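Below: the structure, in structure tokens.
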Amino acid sequence: MNYWLVKSEPDTYGWHHFIAQGRATWDGVRNYQARNNLKSMTIGDQVLFYHSVTNPAVVGLATVVREYFQDPTVPDDARWVAVELEPVMSFEKTVTLAQIKAEPMLSTISLIKQSRLSVMPVRTDEFELILKLGQTTSEALSISAEE
DNA sequence: GCCAACGTTGGC
DNA sequence: GCCAACGTTGGC
């Protein structure tokens with residue numbers, strides 16, 4: 001089980017779009033480091049969904065339902081890949097970037113260290129703390145995952 | 001809207 | 001291979 005964080009601008013593709021759609025092809029990544037992270041995702045990995053630019057915050061939890069494949073938006077360019085994600089649950093409270101920056105235990109998170117990376121790994125302790133800050137309990141998580 | 005950070009491109 | 005120019009991301 002790996003933990004990740006993906007960014008999306010809510011004005012372009014927000015959490016509510018994702019919920020409404022029920023599944024998303026995570027394509028359009030054009031950065032090698034982010035691409036490598038997509039390639040490392042395995043089915044069942046947990047993915048924090050982060051809104052960038054407008055009210056920056058972690059807003060929900062998703063999971064990987066299809067491992068990497070050719071990015072369908074550039075079928076002739078084998079460099080780029082996509083994965084498919086499904087929403088698991090919305091946070092009770094969004095966890096803002098300001099909160100994350102204010103939390104000493106999160107001072108080394110890639111979100112802060114590499115502010116421009118759009119797909120990044122998250123450590124287990126970081127993941128658990130962010131879930132806690134979102135008032136998202138592991139019990140609620142397992143119930144949600146079973147539904 | 002501005003600007004810092006940083007990845008990419010292209011000239012040499 | 002170096003580095004200046006340029007484009008993009010994303011916080012504020």
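Proteins get letters first, then strands, A, B, ... in listed order; numbering begins at 1 in each. Note that the coordinates shown come from a computational prediction; the quantities given were computed from them, not determined experimentally.
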Item to check | Close side-chain approach of A/V29 to A/N37, heavy-atom, < 4.5 Å | outcome: no
Checklist entry - Out of B/dT8, C/dG10, C/dG11, which nucleotide sits closest to the side chain of A/Y32? => result B/dT8
Checklist entry - What is the distance from CZ of A/R79 to C1' of B/dG7, rounded to the nearest Å? => result 13 Å
Item to check | Atom-to-atom span, CG of A/L117 to C1' of B/dT8 - whole angstrom | outcome: 16 Å
Checklist entry - How close or far is atom C1' of C/dG11 from atom CD of A/Q99, stated in whole angstroms? => result 16 Å
Next on the checklist: If we ignore hydrogens and angles and just use 3.5 Å, is the side chain of A/D77 paired with the main-chain N or O of A/V74 as donor and acceptor?
Outcome noted: no
Checklist entry - Just how far, in rounded Å, is P of B/dA5 from CD of A/Q114? => result 15 Å
Item to check | Nucleotide B/dA5, atom P - distance to CD1 of A/I112 in whole Å | outcome: 15 Å
Checklist entry - Atom CG of A/N55 and atom P of C/dC12: how far apart are they, to the nearest Å? => result 12 Å
Checklist outcome for this item: To the nearest angstrom, the CZ-C1' distance between A/R116 and C/dC6 comes to 12 Å
Checklist entry - Counting only N and O atoms by type, is there a donor-acceptor contact under 3.5 Å from the side chain of A/D71 to the main-chain atoms of A/G28? => result yes
Next on the checklist: Can you tell me if A/K7 touches the phosphate of C/dG10, counting only side-chain N or O atoms and a distance under 4.0 Å to OP1 or OP2?
Outcome noted: yes
Checklist outcome for this item: Against the side chain of A/L97, the closest entry in C/dC12, B/dC6, B/dG7 is C/dC12
Checklist entry - So, A/R79 and A/Y32: side-chain donor and acceptor under 3.5 Å apart, yes or no? => result yes
Next on the checklist: Without decimals, in angstroms, what is the distance between A/E9 CD and C/dT9 P?
Outcome noted: 8 Å
